[in-house]
2 protein chains.
Amino acid sequence: MSLPHAILTALLEKPSSGLELTRRFDRSIGFFWSATHQQIYRELGRLEQAGLIRALPQAADGRGPRKAYEVLPAGREALVAWVGEQQEPKQIRDALLLRLRAAAVVGTGGLGAELRRHLELHRSQLAEYREIEARDFAPERVGEENRLHHLVLSGGIQLESFWTTWLEDAVRTVAELDAVDNAVDNGVDKEV
Amino acid sequence: MSLPHAILTALLEKPSSGLELTRRFDRSIGFFWSATHQQIYRELGRLEQAGLIRALPQAADGRGPRKAYEVLPAGREALVAWVGEQQEPKQIRDALLLRLRAAAVVGTGGLGAELRRHLELHRSQLAEYREIEARDFAPERVGEENRLHHLVLSGGIQLESFWTTWLEDAVRTVAELDAVDNAVDNGVDKEV
DNA sequence: GGCGACATGTAACTAGTTACATGATTGA
DNA sequence: TCAATCATGTAACTAGTTACATGTCGCC
């Protein structure tokens, strides 16, 4: 039940068409709640049906190519109610950790390369977040809304920092294990 | 496509019945790939159908209450192939971050309490991981398999550490914002 | 011998993903 | 003017969740 509320939040920040929402879900909002355009269009239809949003009249019948939506009072109320809801933190479900566990049983295979690839991806994501922080959250710009946005971004930064640190460790560990295996294969383990 | 491989890994570590697997997915393996018993039974059926596992004969027709499964050679091969696969890291999708973003638009509501609740949950998860680490990964016990298991656990520990640190910050920030709001409501903002 | 729990499932639903379809617009 | 791309969507599939059903076992 999070996607509709992500969309309501986005539309409150700025009324948008399906495409504009899709773009915004590729950055900013999408950094912590990703969605494809198919999901977004489907959900926009449902939200309109439920009377929580409406297509902006001027854009709709002005036969412009895109129709923009805005949040109705009922939509805002629904969002307020949702912010106050309790929800259990969802458990970790990470395929990479699972692969490491499997590797402990059947061998590391090509896992080292995959770990290095992920490390690069997380490094570049971290760099992107840091750029945004430098650009949008200079020390002088601290409003109430801004502080919450910064808090969210800082969560992303710390999370990516965690991944890069941990992946560096993982890459090192797997490389060492592979080296030991190779040594054994070549019969030089006695010299170690 | 991860659940079947999680199950294959678990069964390679130790052949088990559906119930035993369910139990193991509540601890150890479940720490990074959770699954309900319904998912597990469904998936066991599929894996048996596909010829990757089989019910252990002695338990199966010995009319014991539970039937245990073991991995067939084809199953092990499938797992080896999967360990070598590439997979994009999945993006962050966290409802709590989303709520903070929504709170920036419609107000924090009861979010402070929810943040404190999550903080407690993550603290206790972190404590549990640390106990496991102290018990199972004493410095003297470092085998090859063990190092990978420790790596995975250490990922969990660092991740929970991140959440507790970040949530402490979030709780503080939201409390401050709420305090400012109350001050404004009471008309004492001019004195601040 | 009936009752509660344990164990194993089935069914229905929801969210998310992948693949494809269609009309408008735009630039070669 | 025709292909490419943009914008909006539909359809089918997959994974995960929630609710319910059935059989068996031990015990009171």
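Note on naming: letters A, B, ... go to the chains in the order of the sequence lines (proteins, then strands), and numbering restarts at 1 for each one. Since this is a predicted model, take the numbers as computed values, not measurements.
For Leu21(A) and dA7(D), the CG to P distance is 13 Å, given to the nearest whole Å. In this structure, the CE atom of Met1(A) is 16 Å from the C1' atom of dG16(D), given to the nearest Å. Rounded to a whole Å, the CD atom of Gln38(B) is 12 Å from the C1' atom of dA7(C). Remark: P of dA24(C) and CG of Leu19(A) are 17 Å apart, rounded to the nearest angstrom. Between Gln39(A) atom CD and dT17(C) atom P there is a gap of 5 Å when expressed in whole angstrom units. Remark: P of dG16(C) and CD of Gln91(B) are 13 Å apart, rounded to the nearest angstrom. In this structure, Glu20(A) places its CD atom 13 Å from P of dG9(D), rounding to the nearest Å. The CD atom of Gln87(B) sits 11 Å away from the P atom of dT18(C) (whole-angstrom rounding).
Distances shown here put every side-chain N or O of Tyr41(A) at or beyond 4.0 Å from the OP1 or OP2 atom of dG9(D). Taking side-chain N and O atoms only, Arg93(B) has a distance below 4.0 Å to OP1 or OP2 of dT17(C). Contact between the side-chain N/O atoms of Arg23(B) and the OP1/OP2 oxygens of dA7(C) is found at a separation under 4.0 Å.
Taking for each of His37(B) and Leu3(A) the nucleotide of DNA chain C with the nearest heavy atom, the 5'-most of the two is the partner of His37(B). When each of Arg42(A) and Tyr69(A) is assigned the nucleotide of DNA chain D with its nearest heavy atom, Tyr69(A) is the one assigned upstream, toward the 5' end.
Looking at Arg123(A) and Glu168(A), a side-chain N of the basic residue comes within less than 4.0 Å of a carboxylate O on the acidic one, giving a salt bridge. The residues Glu120(B) and Arg117(B) are annotated as not salt-bridged, no charged nitrogen and carboxylate oxygen being separated by less than 4.0 angstrom.
Summarising the geometry of Thr22(A) relative to His37(A), their closest heavy-atom pair is OG1-CB, 3.5 Å, with the distance given to 0.1 Å.
When side chains are defined from C-beta on, Ile7(A) counts as touching Phe25(A), because their heavy atoms get closer than 4.5 Å.
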